[in-house]
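Structure first, commentary second.
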Amino acid sequence: MDKPITVTQPYLPPLEEFMPYLQQIWQNKWLTNNGPLHQQLEKELAEYLGVKYISVFSNGTLALITALQALNITGEVITTPFSFVATTHSLWWNKIKPVFVDIEPEYLNLDPTKIEAAISPQTTAIMPVHVYGNPCKVDEIQGIADKHGLKVIYDAAHAFGVKINGNSVLNYGDLSVLSFHATKVYSTIEGGAIICHTEEMKHHIDNLKNFGFRGETVVEEPGINAKLNEVQAAYGLLQLKYVDGFIDRRKEITELYRSLLKDISGIHFLDDMEGVTHGYSYFPILIDKDKFGKSRDELYEHLKSHNIYSRRYFYPLISSFEPYNTLESSNPKNLSIATKKAENVLCLPIFVELEDKQVFEIVDKLK
Ligand SMILES: Cc1ncc(COP(=O)(O)O)c(C=O)c1O
């Protein structure tokens with residue numbers, strides 16, 4: 001049997017390049033709590049991403065939970081069911097009721113034209129997701145938020161390095177949240193970040209991720225422990241040296257897939273968006289069973305039988321998971337596009353060290 005091809009695989013830089021960072025940590029004897037590498041990482045990330053303020057976290061889920069805390073979000077929040085379950089879990093952990101709204105068919109992001117109908121007197125915020133790193137309709141969403149006095153918190157877990165007309169997508173909304181999980185384009189093994197617009201908000205977020213301490217003896221609010229340690233910060237600094245190359249290679253793989261798949265009936269992929277600099281974090285395809293001749297699940301199993309591991313991402317919808325499936329907004333009739341897309345979507349393998357010949361092999365087996 002062929003060597004397995006996984007849906008993703010982390011790129012680990014040469015070990016000898018990591019050693020000097022470890023030596024620095026051993027000399028500093030400073031392992032966590034806003035250490036020098038943590039501070040350096042925040043500075044370098046802000047510069048790289050083109051954002052003003054960033055606070056790094058031990059993972060993206062805690063960053064989402066903290067973002068909601070930082071803005072005192074309560075009541076109901078409008079969100080998408082077509083995401084990773086952590087998006088909605090972050091609301092649940094804040095005792096906020098998620099209200100699911102359907103997605104738009106082209107890029108599978110929250111559909112702004114359907115948001116207003118879901119707003120109630122309890123609604124305080126919108127939490128959209130830049131799914132696969134493709135930016136949401138940010139101006140339309142902001143317009144609705146402004147009209148109704150709502151906050152906007154973007155789950156930007158997939159959107160590292162993504163820009164709209166040269167401006168980071170992370171600069172939209174009140175707060176944006178990244179994930180640096182090992183499966184992401186840019187990683188600190190586990191990790192995440194909140195991007196905000198003011199120094200005051202950064203201090204607030206920094207305190208929240210450190211038990212709510214302000215200074216040594218004052219606890220202002222019930223914060224949490226969500227700090228990134230020095231070893232992971234070091235890993236992040238090293239990854240940052242490579243990330244442009246990661247994105248370039250992902251772009252090449254994406255273009256190769258597109259060229260090989262474009263004439264296959266019943267297979268649809270997402271094109272680049274006009275004016276957008278992409279990060280190429282995933283390569284999703286949508287399968288039309290009638291035209292392709294096989295269902296998504298049949299294709300998934302077929303690839304698996306050839307040791308090719310694709311991923312049904314996002315499937316099932318968050319709204320169909322047990323904690324959420326009794327909510328009124330979880331009714332599939334309310335989410336017809338998301339329901340259909342979740343049944344037909346499949347993410348094909350994409351990672352820096354995936355070779356062209358493996359892409360040919362995947363497409364060959366898919367055919
Ligand atoms: C859309 C989305 N939101 C949130 C998360 C959670 O991030 P983390 O795994 O860093 O906690 C993920 C990560 O996998 C994600 O894909």
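One-based numbering, in listed order, for ligands and for the atoms of each.
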For the pair Arg250 (side chain) and Tyr280 (backbone), establish whether a donor and an acceptor sit closer than 3.5 Å, ignoring hydrogens and angles.
->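 Yes; judged by distance alone, with no hydrogens or angles, the pair exists.
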Less than 6.0 Å separating the ring centroids of Phe160 and His181?
->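 Ring-ring flag for Phe160/His181: false, centres at least 6.0 Å apart.
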Ring centers of Tyr186, Phe180 separated by less than 6.0 Å =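 Yes: the rings meet the under 6.0 Å criterion.
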Pair Glu17-Tyr242, side-chain donor/acceptor within less than 3.5 Å =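 Per modelled atom types, Glu17 and Tyr242 side chains form a pair under 3.5 Å.
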Residue pair Asn33 / Lys227, side-chain donor-acceptor N/O under 3.5 Å |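 Note: Asn33 and Lys227 side chains meet the donor-acceptor criterion.
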Shortest non-hydrogen contact from Leu64 toward Asp155 |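 For Leu64 and Asp155, the tightest heavy-atom pair comes out as CD1-OD2, 3.7 Å.
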List, for ligand 1, each N/O atom that has a protein N/O partner under 3.5 Å away, with both atom names and the distance.
| unit_1 | atom_1 | unit_2 | atom_2 | d |
| --- | --- | --- | --- | --- |
| ligand 1 | 3 (N) | Asp155 | OD1 | 3.3 |
| ligand 1 | 3 (N) | Asp155 | OD2 | 2.7 |
| ligand 1 | 7 (O) | Ser179 | OG | 3.4 |
| ligand 1 | 10 (O) | Gly60 | N | 2.8 |
| ligand 1 | 10 (O) | Ser179 | OG | 2.7 |
| ligand 1 | 11 (O) | Gly60 | N | 3.3 |
| ligand 1 | 11 (O) | Thr61 | N | 2.9 |
| ligand 1 | 11 (O) | Thr61 | OG1 | 2.6 |
| ligand 1 | 14 (O) | Lys184 | NZ | 2.8 |
| ligand 1 | 16 (O) | His158 | NE2 | 2.8 |
| ligand 1 | 16 (O) | Tyr313 | OH | 3.1 |

